[in-house]
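Shown next, in C-alpha cells, is the structure this report addresses.
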Amino acid sequence: MKERSILVFLNAISRSIGDASTFKDYSLKDADPEMHALIEKEKQRQSRCLELIASENFTSRAVMEAVGSCLTNKYSEGLPGKRYYGGNEYIDQIETLCQRRALKAFGLDEEKWGVNVQPLSGSPANFEVYTALLQPHDRIMGLDLPHGGHLSHGFMTPKRRVSGTSIYFESMPYRLDESTGFVDYDMLEKTAVLFRPKLIIAGASAYPRDFDYPRMRKIADAVGAFLMMDMAHINPFEFCDVVTTTTHKSLRGPRGGMIFYRKDPVLGINLEGAINNAVFPGLQGGPHNHTIGGLAVCLDHAQSPEFKAYQSQVVSNCKALARRLTELGYKLVSGGSDNHLVLVDLRPLEIDGARVEKILDLASITLNKNSVPGERRYLYFPLLTNVSLLALVPGGIRIGTPAMTTRGFKEEDFVTVAECIHSGVQLTLEAKSSAPGPKLKDFMDYVEAPDFPLRGSLSALKSSVEALTSHFPIPGV
Ligand code: PLP
C-alpha cells in the first residue's frame with residue numbers, strides 16, 4: 001500500500017514536471033504576449049505605410065498558412081526519393097509538386113531544365129551555383145554593387161573583400177556607362193577577353209532596365225564562361241545555363257531561393273549533379289519544408305491569369321511613377337524603367353538618399369537609399385569595422401512598385417506616390433538647410449527632436465499617406 005502510494009506520488013510529480021517543462025502549446029497571444037504585441041505592431045506598420053522597397057512584397061494568406069504549418073517539424077536531407085531520414089512520404093510529394101510547379105510557372109520543358117527548390121534564400125542560392133561550377137579562386141564577373149549589382153555577385157572595395165563571393169573567388173566587376181545609365185556591354189566584352197572569367201553573372205538589385213541576354217551569351221561563349229542570371233523579374237532562360245532567383249520579391253512567395261539549371265552538360269559539367277550536391281551536402285543541411293510548401297502554393301498562383309495581370313500592372317505602375325517623377329524634374333538613372341523599379345539620382349538637388357529616406361520614413365513612406373552610378377563613395381556596412389571608405393550618404397533612392405501593386409494600386413495611385421515623395425524631398429531640402437550642422441547625425445537628431453519646426457508639415461504628409469493606404473488592405477492578415 002505504502003509502495004503504491006509512493007508510485008502514485010512519483011508519477012504525479014513526473015507528470016507535473018513534464019507539464020512544466022513542455023512548451024506552451026497555445027496561441028501566440030497567450031503563450032508570448034510580448035512577441036504577439038510586437039508582431040501586431042509590425043502588422044499595423046505594414047498596413048499603414050506606403051511600401052516602396054523594390055525587394056519586398058506581401059504574400060498571401062495561403063502561403064502564410066503553409067509556412068506556419070507542421071512542415072517546419074520535418075528533417076528531409078537529400079532529394080525526393082533519396083533522403084537521409086525516414087517519414088518523408090508526404091515531404092517527397094510536396095517537394096516534387098513544388099519542382100513541377102516551378103518549371104511550369106516559368107514555361108520550362110522538364111526534359112531540358114531542372115530546379116532545386118531548397119536554397120534558403122537568394123544569396124545562398126548564388127553561392128551554391130558558384131560552388132557547383134567553379135574551383136576556389138576561379139574568376140567571375142558581375143555588375144558592380146555601386147552600379148546596381150548585388151553583394152553576392154562578388155562585391156569588393158579596393159581595401160576589402162566584402163562579399164564571401166569575392167573572398168573565395170576572384171571578382172572583376174562590369175559597370176554601367178555613366179553617361180547613359182545602361183550596362184556598358186563594350187566594356188564588359190573587352191574586360192572579359194582580358195580577364196577570362198569562368199562565370200559571368202547577369203542580374204541586379206538596383207538596375208531599372210532589362211539585360212541584353214543575347215549579347216551576354218555571345219561574350220560568355222567567346223571566353224568559354226558559364227552565363228548565370230540572378231533573375232529579379234524577367235525571363236532569361238533562353239540564353240542562360242543557370243538561373244537563380246529569390247522567391248519573396250516579385251513572385252510574392254515565402255522567403256527562399258531557387259536554382260534552375262540546364263539538364264544537358266554545359267562546358268563538360270553535369271549541372272544537375274553539381275548543383276544538387278552543392279546545395280546538399282555542400283552548403284546546406286535539411287531543407288526548410290514549410291518554405292517549400294509555401295513556395296509550391298505561390299507557384300501555383302503564379303500560373304493564374306490574375307498573376308500575369310498583376311505582373312504587367314507592376315510594370316505599368318512603374319512607368320507611371322517614372323513619368324510623373326520626370327515631370328516633377330527628377331533625374332532617373334537611365335532615364336526611366338523597363339521593370340519594377342526606378343532609381344532616382346538626387347545629386348542635382350544637392351541632397352542625398354539617407355536624408356530623404358529618413359524624412360519619408362517619418363511620413364510613413366518606406367523605401368531605401370541607394371548609390372547611383374558615378375559616385376565615388378560606397379554605401380555599405382556602416383556597422384562593420386574598417387570602413388573608413390564607406391560613406392552613409394549615397395546619392396539616390398530606389399523605388400519599387402511590386403508591394404503596393406499587390407495592395408491594388410494602379411497608375412493614378414503611383415502618380416500620387418510620386419507627388420508624396422516630391423513633398424518629402426521638399427521637406428528634406430528645407431530641413432537640411434535649417435539643420436544645426438552639416439553632418440548626417442546633426443540632421444537625424446534635428447528631425448527627430450520634439451521641436452523640429454517642420455513637424456506640422458511632416459504630420460500632414462504622413463496623414464495623407466495613411467489616408468491613401470487605408471483604402472488598400474494588405475493581403476494575408
Ligand atoms: N540577388 C539579387 C539580384 C537581389 O536583389 C537579392 C536581394 O535583394 C539577392 C540576390 C539576395 O537575396 P537574399 O536577401 O534573399 O539572400
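Each ligand, and each atom within it, is numbered from 1 in the order the structure gives. Positions are given from 1, in the same order as the sequence printed here.
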How are the rings of F307 and Y310 set relative to one another: parallel (under 30°), tilted (30 to 60°) or perpendicular (over 60°)? tilted
Residue portion contacting ligand 1 (non-hydrogen atoms closer than 4.0 Å) for R255: neither
Run the side-chain hydrogen bond (donor to acceptor under 3.5 Å, both in side chains) test against R323 and tell me which residues pass, sequence neighbours left out. none
Should you measure from each heavy atom of [X], which atoms of ligand 1 turn up under 4.0 Å away?
X	answer
H248	15 (O)
T246	12 (O), 15 (O)
A204	3 (C)

Applying side-chain hydrogen bond (donor to acceptor under 3.5 Å, both in side chains) between E170 and each of R161, K198, R139, report the one that passes. R161
Is the shortest N/O to N/O distance between [X] and ligand 1 below 3.5 Å?
X	answer
H153	no
S55	no
G122	yes
D230	yes
S152	no

Pairs satisfying salt bridge (charged side-chain N to carboxylate O under 4.0 Å, His left out), at least one member in residues 36-57, at least two apart: E40-K43, E42-R45, R48-E466
Less than 6.0 angstrom from the centroid, inside 45 degrees of the normal: does R215 satisfy that with respect to the ring of Y185? no
What I'd like to find out is whether the side chain of M404 reaches to under 4.5 Å of the side chain of R407, using heavy atoms alone. yes
Salt bridge check: are D221 and R217 linked by an N-O gap of less than 4.0 Å? yes
